[in-house]
Structures are given as structure tokens and as C-alpha cells.
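First the structure, in the form of C-alpha cells, and then the observations on it.
Position 1 is the first residue of the sequence; numbering continues from there. Not measured: the values here are computed from a predicted model.
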Amino acid sequence: MCKICNLLESKELPAPAHVCVRNYKGISKGMEATMALELTIQAKHQHRFIVGFIVADDDSLMRATLKHSYKH
């Protein structure tokens with residue numbers, strides 16, 4: 001957590017430009033699913049390959065996110 005962002009958010013003030021360690025907004029349960037989706041999209045658009053298989057634990061949120069959010 002970023003102390004600067006947390007302090008200013010609690011006071012409802014905008015954070016100035018700074019080196020921030022916060023790289024995800026949302027609940028922690030969705031972090032893995034969101035990152036898997038972002039990497040899958042990035043693989044196609046930036047590196048021009050399509051991910052055929054993802055090896056992971058039995059995370060139903062990640063599977064649902066990839067199945068319903070990824071548009072070819």
C-alpha cells in the first residue's frame with residue numbers, strides 16, 4: 001500500500017506525481033484474474049501471439065474472467 005495515496009485519499013485530496021507502489025485497484029480476490037486477462041490481451045496485441053493454454057490453480061474467477069471478458 002502506498003502511504004502517500006492512502007493519506008491523501010482519506011482527506012479526499014488528489015495525489016501528486018510520485019513513485020507509487022500501488023499497481024492495482026480493486027479487491028485482492030480479483031487481482032490474479034485481472035492480471036491474467038491483461039497479459040492475455042497484451043500477448044495478442046503487442047507480441048502477436050494467442051495464448052492457447054493457461055496453467056493455474058482451480059480459480060473459477062480467473063476462468064470466468066478470461067472466458068467472458070476476452071474478445072478475440
Side-chain angles (χ1 to χ4, degrees):
M1 302 286 294
C2 177
K3 291 181 181 181
I4 296 170
C5 290
N6 287 342
L7 176 66
L8 294 173
E9 282 178 3
S10 69
K11 296 180 180 185
E12 297 183 5
L13 296 171
H18 65 285
V19 177
C20 185
V21 297
R22 185 186 290 178
N23 59 8
Y24 176 75
K25 291 184 180 181
I27 60 172
S28 60
K29 182 175 180 169
M31 187 183 303
E32 184 180 17
T34 301
M35 186 54 61
L37 178 61
E38 287 180 16
L39 290 172
T40 303
I41 291 170
Q42 187 178 49
K44 180 179 180 186
H45 296 293
Q46 291 183 3
H47 304 290
R48 292 182 270 196
F49 70 88
I50 295 175
V51 175
F53 295 95
I54 293 182
V55 179
D57 57 0
D58 192 23
D59 185 353
S60 59
L61 180 61
M62 181 171 45
R63 187 172 39 245
T65 299
L66 290 170
K67 183 176 181 179
H68 298 294
S69 298
Y70 182 66
K71 307 292 184 218
H72 297 283

Report whether L61 and L66 are members of the same hydrophobic cluster (ILVMFWY, side-chain heavy atoms less than 4.5 Å apart, transitive linking). no
Listed partners of L39 passing side-chain contact (heavy atoms from CB on, under 4.5 Å), at least two apart: M35, Q42
To the nearest 0.5 Å, what is the distance between NE2 on H68 and CZ on R63? 10.0 Å
Donor-acceptor pairs under 3.5 angstrom involving side-chain atoms of residues 6-17: please list them, not counting sequence neighbours.
from: N6; atom 1: OD1; to: R22; atom 2: NH2; distance (Å): 2.5
from: N6; atom 1: ND2; to: C2; atom 2: O; distance (Å): 3.3
from: E9; atom 1: OE2; to: R22; atom 2: NH1; distance (Å): 2.7
from: S10; atom 1: OG; to: L7; atom 2: O; distance (Å): 2.6

For V19, the other hydrophobic cluster members (4.5 Å side-chain criterion, sorted by chain and number) are none
Residue pairs passing the salt bridge (charged side-chain N to carboxylate O under 4.0 Å, His left out) test with at least one member in residues 27-40, sequence neighbours excluded, are none
Gap between atom CD of Q46 and atom CD1 of I41 - 0.5 Å precision: 11.0 Å
Yes or no on side chain to side chain contact (heavy atoms under 4.5 Å, CB included) for T40 and K44, after CA distance, side-chain angles and deciding distance? CA-CA 7 Å; T40 303; K44 180 179 180 186; over 6 Å; no
By side-chain contact (heavy atoms from CB on, under 4.5 Å) - contacts of A43 (at least two apart): F49, V51
